[in-house]
Amino acid sequence: MEKVYNSKKIEEKWCKYWVDNKTFSAKVDKNKKPFSVVIPPANVTGSLHIGHALNTTLQDIVMRFKKMQGYNTLWVPGTDHGGIATQNVVEKLLKKEGKTKYDLGREKFLEKMWQWRKDVGNTILDQLKMIGCSLDWDRAIFTMDENYSKTVKKAFVQLFKEGLIYRSKRLINWCFRCGTALSDTEVEYENEKSSLWYIKYPVKDSSHYVVVATTRPETIFGDVAVAVNPMDERYTHLVGKILEVPLINREVRVISDYVVDKSFGTGAVKITPAHDATDSEIAKRNNLETKEVINISGKMINVPNKYIGLSIEEARKETVEDLEKAGFLIKTQEYFHSVGKCYRCSTKIESLMSEQWFLNVKEISKNAIAAVNDGKIVFYPNSWTKPYVSWLENLRDWCLSRQIWWGHRIPVYYCVNEEGNRIACTPIASLGKPEKCPYCGGKNFVQDEDVLDTWFSSALWPISVFDWGEDENNEDLRYFYPTSVLITAHDILYLWVARMVQFGLKFKQEIPFRATFIHGLVRDKYGLKMSKSVGNTINPLEIVEKYGADALRFALAQAAAPGKDIQVSGELFLAARNFSNKIWNASRFIIMNLDGVDNFDENIEPVELVDEWILEELANTFTKVESAYESYNIDTAAREIYDFFWTKYCDWYIEFSKIRIISTDVKVKKQVVLILVHILRSTLQLLSPIMPFVTSEIWQILSKNSKIIAESVFFKPYCSGKNGVNAAIEKVKIIQDIIMKIRALRSEMNISPAVDITALFSVLDDDKEKIARENKNYIKRLAKISSIEFGRDITAPKNSAMTIASGFEIFLPLEGFIDISKEKVRLAKEITIAQQELERTTLKLRDEAFIKKAPKTEIEKIRVRLSDAALKIEKINKNLEFLK
RNA sequence: GGGCAGUUAGCUCAGCUGGAAGAGCAUUUCCCUUACAAGGAAGAGGUCGCAGGUUCAAGUCCUGCACUGCCCACCA
């Protein structure tokens, strides 16, 4: 074995092994309980980023843990076609060639898209293999695979036939750059500097006017009213009066509506129903017409000639100038407000009127809320429940159609005449092209040009991966559905998670996953969102290259406190890399000492106190780690294992064990080696979900000495810890205390380990003497002293250093090595600390309320502390006297 | 405007049902001790955001405030 852990070599080997051997492929097995998870499908736009790494690591940890517990685990991989996002990527490539998608035409462009998908679509899956994800690769699915399409079409047609999908012209979110409508959830809001213009609206046949504040002066051409709050006394007398819209002299009425905020601007708002969601609501309530002034190309329409065809920005500039010239502009104010942006390209979103396909979400939302209220869906952490419910409660109908080419084409067909022109006939939703129109008997059809929101197909993910489109009641679906848990980041709670619940309940009458674990986002060391443009991204593959996949996984796992975003920097991974090396080397030490041990599966027999101790610690660790895994507290699990392995097993037990390791008595050596191996193997198991590579490698090496060779670390039945026995732990604390006190003394007195020292132990407690005597050799070795003499009322030898350990006054005779003045200073410092302790505890015990109300055990603890401090002071004082 | 988190060592973060403040990194000193210098030993470093309250006892529970972040909202 190499002295330094070579992650690269070993990880490559195991990656290949797991994939080649289909280690993680799962089939229906009625004798075993299923544990199934579907991966959040990554877009085929690019490669693995640190967020994916976190997400898949957490999932893999859960999967591997469940596998060890004996579940029939299935983790389904896949990728998403990523509608707009992916189309944008390919459009950008075209742009480099100086072309647009229109130069190619729909068919050619789609060919290009598919080529892209073929070239890079599996990159991410390959990278997931590299970080050890235990996915069932044979089941890898893509949201535009043929079978997947079947599910999508079937779902659409069903919703259509039930009347839940309908076509309507209404206010939608439009991205001019992407050239498509977006759902409400696809708009992100950002605060932006803008202006607030105050504009006069003259009252008809009067010299009075109403001042309206607006951020959208160019939309005054679409004004159909001015609204005030019914309770606003400034305007009560004007309600119902006629105003003249500046520049066009349109007559509009002053109306009152409760949503108008008296305190905003002037308390009067212009109503433009065609380009503002609130205005649209007000217009509906007040039966106002809708006047569109911006079309989907972002150009002005239905406006005075001089403005026609202008862009929004141009029109705004012109309008403001004209208003100012005509004396309608009162003032302009700098103003910050949040502006809707396209979540894929950050272009400003415009609200405008457009005919689109919508899904009525009323009923499916109600069911999705009920699933949470009935406890069928549980969020970890629970704080996500409220946002989830409130999102569903306020949900507006889902705009499903997208005016792009890449995606599932909407399975709606229109009858056309011989010339190919649509004829007025009810559109038909159908899995394939209809043969004959049931309404008009026509036989010629054209399919709807639009595609579905990519999230429509994503919402069907848990049923699609099990082929619901082909057979609604197939064996996989019956066995693996509902899936066991969904593990995902919180940024797609609404876009994806809530919709899967809606659709799962709708199409399968059952929730898609029993539990939902929502983790945080990965941020940089300053807490900023990682983005390519800022240049603060951490590439997980570089981490793998540099530190290994295990290190990447451990670092992320350890940092992933439920529900919290995590900040990462290079150092985080360095520490994890060092941990994998520590595991490697501790194992190496044990493997070096396997001579004569040819069977690990003999019963292990603890013969020494330290053996009992480490077994108790192991049992405690098992209990803690197991429940941490079970409750998705992955970070706790990682930390517990780290602490046990490094500070208990390596720093103490292995050091203790060396006495017997170097023993010439084969039997003695064998006994301790068996325990060392047992602890190591147990830890490897505990750790294997988080660090599968290094643990598998060592497990395999060790398995050569085992009669019940397990194929892989995670296939061994999980052993669990006995609990609550801590007798040896308490005793070993005494040994450790003695050792640490002597070490501290040596260190402070600068005594080299080469110096031979006989320590004098002046006994203060008989029970502790017994323990120390029995473990004398361990104390000697770890504290690096040559011999120990026990005695009672020992007076300090000349020129010695002293310390108080649990149950002993310890003297180190250091004639010739010790600086007496230095020792005096040290003891004086010790005594000050002890005196403070004495004061604190004395006061506490004098507190009547404390004595009266605190539990007996607590009082006893304080008493012990007091007497310890008193004893310490007495002994140190005595020694100080002596040093004089 | 509403909601949810967070505020603990120089940095990144743990601290469960309240009983003497923890880890990793960084830092200081010593040590290449035959698993590991990617290591070992010892140390230094915190009035646990602020102000009240409950309690014998509060980092831990309650209230208010401040700051930071996130989400939601009909920010004209």
Side-chain angles (χ1 to χ4, degrees), chain A residues 1 3-5 189 191 196 212-216 219 227 257-261 264-272 276-282 335-339 381 383-384 386-387 390-391 394 490-491 493-494 520-521 523 525 527 547 555 558-559 561 563-572 574-593 624 633 635-636 639 642-643 647 650-651 654-655 658 662 740 743-748 750-754 781-782 784 837 840-841 844 847-855 857-859 861-862 865:
Chain A
M1 285 173 87
K3 195 169 169 182
V4 171
Y5 175 57
Y189 291 87
N191 260 339
L196 194 57
V212 161
T214 182
T215 54
R216 301 292 308 274
T219 63
D257 193 284
Y258 67 93
V259 303
V260 179
D261 178 359
F264 186 93
T266 60
V269 55
K270 67 189 210 59
I271 302 300
T272 320
D276 183 279
T278 314
D279 291 4
S280 169
E281 296 291 321
I282 294 175
Y335 180 60
F336 282 86
H337 69 143
S338 81
V339 175
S383 54
W384 287 107
K386 257 169 87 173
S390 84
W391 184 78
N394 299 307
H490 60 68
D491 56 344
L493 180 65
Y494 309 131
L521 303 173
R523 298 174 178 281
K525 62 191 290 193
Y547 302 123
Q558 168 271 114
K564 276 192 196 164
D565 288 353
I566 64 177
Q567 288 182 224
V568 300
S569 62
E571 293 117 48
L572 193 73
L574 187 74
R577 189 277 311 263
N578 292 351
F579 185 44
S580 39
N581 190 235
K582 188 74 179 177
I583 295 160
W584 180 254
N585 275 294
S587 307
R588 199 160 64 89
F589 171 73
I590 288 150
I591 290 161
M592 278 165 56
N593 286 292
K624 282 188 227 163
N633 289 297
D635 60 324
T636 307
R639 268 189 269 264
Y642 182 97
D643 179 62
T647 68
C650 292
D651 289 349
I654 289 183
E655 293 308 320
K658 283 177 180 171
I662 58 177
M740 288 191 291
R743 280 173 175 171
L745 207 51
R746 294 189 71 126
S747 176
E748 276 167 66
N750 258 325
I751 309 301
S752 132
R781 185 180 168 97
L782 269 64
K784 300 200 191 311
E837 170 77 347
R840 261 202 310 268
T841 47
K844 193 112 202 191
D847 182 352
E848 278 177 42
F850 175 71
I851 299 295
K852 224 161 113 186
K853 298 199 175 171
T857 51
E858 209 46 47
I859 297 167
K861 263 195 219 163
I862 303 290
R865 277 168 57 189

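Bear in mind that the values here come from a model prediction, so they are computed numbers and not experimental data. In the text below, chain A, chain B and the rest are named by the order of the sequence lines, each starting its count at 1.
- The residue among Thr841(A) and Ile590(A) whose nearest nucleotide of RNA chain B is located toward the 5' end is Thr841(A).
- Phosphate contact (OP1/OP2 of A38(B), side-chain N/O of Lys3(A), threshold under 4.0 Å): absent.
- Side-chain contact of Thr647(A) with Asp651(A): a donor-acceptor pair under 3.5 Å is absent, judged by distance alone.
- Rounded to whole Å, the P atom of A26(B) lies 16 Å from the corresponding atom of A37(B).
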Short heteroatom pairs, N/O only, protein and nucleotides 41-46 of chain B, under 3.5 Å:
from   : atom 1 : to        : atom 2 : distance (Å)
A42(B) : O2'    : Ser747(A) : OG     : 3.2

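- As judged by a 4.0 angstrom heavy-atom cut-off over every strand, Ala561(A) is placed among residues touching the sugar-phosphate backbone only.
- Atom C1' of G18(B) sits at a distance of 12 Å from the matching atom of C56(B), rounded to the whole Å.
- Atom pair Lys861(A):NZ and A57(B):P shows a separation of 17 Å (rounding to whole Å applied).
- From Leu782(A), atom CG reaches atom NZ of Lys784(A) across 7.0 Å, with rounding to the nearest 0.5 Å.
- Salt bridge annotation for Asp643(A)-Arg639(A): absent, with no cationic side-chain nitrogen under 4.0 angstrom from a carboxylate oxygen.
- Rounding to the nearest 0.5 Å places CG of Asn593(A) at 11.5 Å from CZ of Arg588(A).
- With hydrogens and angles ignored, a donor-acceptor pair under 3.5 angstrom links the side chain of Lys582(A) to the base of C36(B).
- Comparing the P positions of C61(B) and A23(B) gives a spacing of 23 Å, expressed to the nearest Å.
- Lys386(A) has no side-chain polar atom (N or O) that falls below the 4.0 Å cut-off from OP1 or OP2 of G3(B).
- Out of C56(B), A20(B), C36(B), the shortest distance to the side chain of Asn581(A) is found at C36(B).
- Residue contacts shown for Glu858(A) include a base, since a base heavy atom lies under 4.0 Å away.
- The separation of U12(B) from U27(B), taken at their C1' atoms, amounts to 16 Å, rounded to a whole angstrom.
- Look at Gln558(A) and you won't find any side-chain N or O under 4.0 angstrom from OP1 or OP2 of A14(B).
- Straight-line distance between the C1' atoms of G22(B) and C16(B): roughly 15 Å, to the nearest whole Å.
- In this structure, Lys386(A) has no salt bridge (Lys or Arg N to Asp or Glu O under 4.0 Å) partners at least two apart in sequence or on a different chain.
- Taking atom CG of residue Asn191(A) and atom P of nucleotide C71(B), one finds them 12 Å apart after rounding to whole Å.
- With G19(B), C36(B), A76(B) as the choices, the nucleotide that has an atom nearest any side-chain atom of His337(A) turns out to be A76(B).
- For His490(A) against Asp565(A), the heavy-atom pair with the smallest separation is NE2-OD1, 3.2 Å.
- Nucleotides G15(B) and U33(B) place their C1' atoms 35 Å apart, quoted to the nearest Å.
- Across the protein-nucleic acid pair, Ile566(A) atom CD1 and A5(B) atom C1' stand 16 Å apart, rounded to whole Å.
- Rounding to whole angstrom units, NZ of residue Lys844(A) and P of A57(B) are separated by 8 Å.
- Relative orientation of the Phe579(A) and Tyr642(A) rings is tilted, given thresholds of 30° and 60° on the angle between their planes.
- Contact record, Ala227(A) with Ile271(A): CB-CD1, 3.7 Å, taken as the closest heavy-atom pair.
- Across the protein-nucleic acid pair, Lys624(A) atom NZ and C16(B) atom C1' stand 11 Å apart, rounded to whole Å.
- Across the C1' atoms, C4(B) and G43(B) are found 42 Å apart, a figure rounded to whole Å.
- Rounded to whole angstrom, the span from the CG atom of Asp565(A) across to the C1' atom of C4(B) amounts to 12 Å.
- The two residues Ala586(A) and Ile654(A) make their nearest non-hydrogen contact at CB-CD1, 4.0 Å.
- The CZ atom of Arg781(A) lies 6.0 Å from the NZ atom of Lys658(A); values are rounded to the nearest 0.5 Å.
- Here the NZ atom belonging to Lys270(A) is positioned 2.5 Å from the OG1 atom belonging to Thr219(A), to the nearest 0.5 angstrom.
- Each of A14(B), A76(B), C13(B) was ranked by its minimum atom distance to the side chain of Lys564(A); first place goes to A14(B).
- Residue contacts shown for Glu848(A) are absent, as no nucleic acid heavy atom lies under 4.0 Å away.
- Helical stems in RNA chain B, defined as runs of 3 or more consecutive Watson-Crick or G-U wobble pairs with both donor-acceptor distances under 3.5 Å, are listed by first residue as B:1-7 with B:66-72, B:10-13 with B:22-25, B:27-31 with B:39-43, B:49-53 with B:61-65.
- Of the inter-residue distances, the one linking Leu745(A) atom CG with Asn750(A) atom CG reads 11.5 Å to the nearest 0.5 angstrom.
- Asn750(A) places its CG atom 7 Å from the C1' atom of U29(B), with the value rounded to the nearest Å.
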Under 3.5 Å, which protein N or O atoms sit close to an N or O of nucleotides 72-74 of chain B? Give each pair with its distance.
from   : atom 1 : to        : atom 2 : distance (Å)
C74(B) : O4'    : Thr278(A) : OG1    : 3.1
C74(B) : O2'    : Thr278(A) : OG1    : 3.3

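- The side chain of Asp261(A) sits closest to A76(B) out of A76(B), A35(B), C70(B).
- Comparing Lys784(A) and Phe850(A) along RNA chain B, the residue whose closest nucleotide (by nearest heavy atom) sits nearer the 5' end is Lys784(A).
- Contact of Arg639(A) with A23(B) (side chain to base): no donor-acceptor pair of N or O atoms is detected under 3.5 Å.
- When the C1' atom of G6(B) is taken as reference, atom CZ of Arg523(A) falls 12 Å away, rounded to whole Å.
- Heavy atoms of Arg746(A) sit nowhere under 4.0 angstrom from any nucleic acid atom.
- Rounded to whole Å, the P atom of U28(B) lies 15 Å from the corresponding atom of G45(B).
- Of all heavy-atom pairs spanning Ala213(A) and Gly265(A), the tightest one is CB-CA, 4.1 Å.
- Rounded to the nearest 0.5 angstrom, Thr841(A) OG1 and Lys861(A) NZ are separated by 14.5 Å.
- In this pair, Trp584(A) and Tyr5(A) present their aromatic rings tilted. The plane angle is within the 30 to 60° band.
- The side chain of Val269(A) sits closest to A76(B) out of A76(B), A35(B), U33(B).
- Counting all heavy atoms, side chain and backbone alike, Pro387(A) lies closest to Ser383(A) at CD-O, 3.1 Å.
- Minimum atom distance to the side chain of His490(A) is reached by C70(B), of the listed A38(B), C70(B), A76(B).
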Can you pull every protein N or O that's under 3.5 Å from an N or O on nucleotides 25-28 of chain B?
none

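- Across all strands, Val4(A) comes closer than 4.0 Å to base atoms (heavy-atom distances).
- Here Glu748(A) pairs with nothing under the salt bridge (Lys or Arg N to Asp or Glu O under 4.0 Å) rule; sequence neighbours left out.
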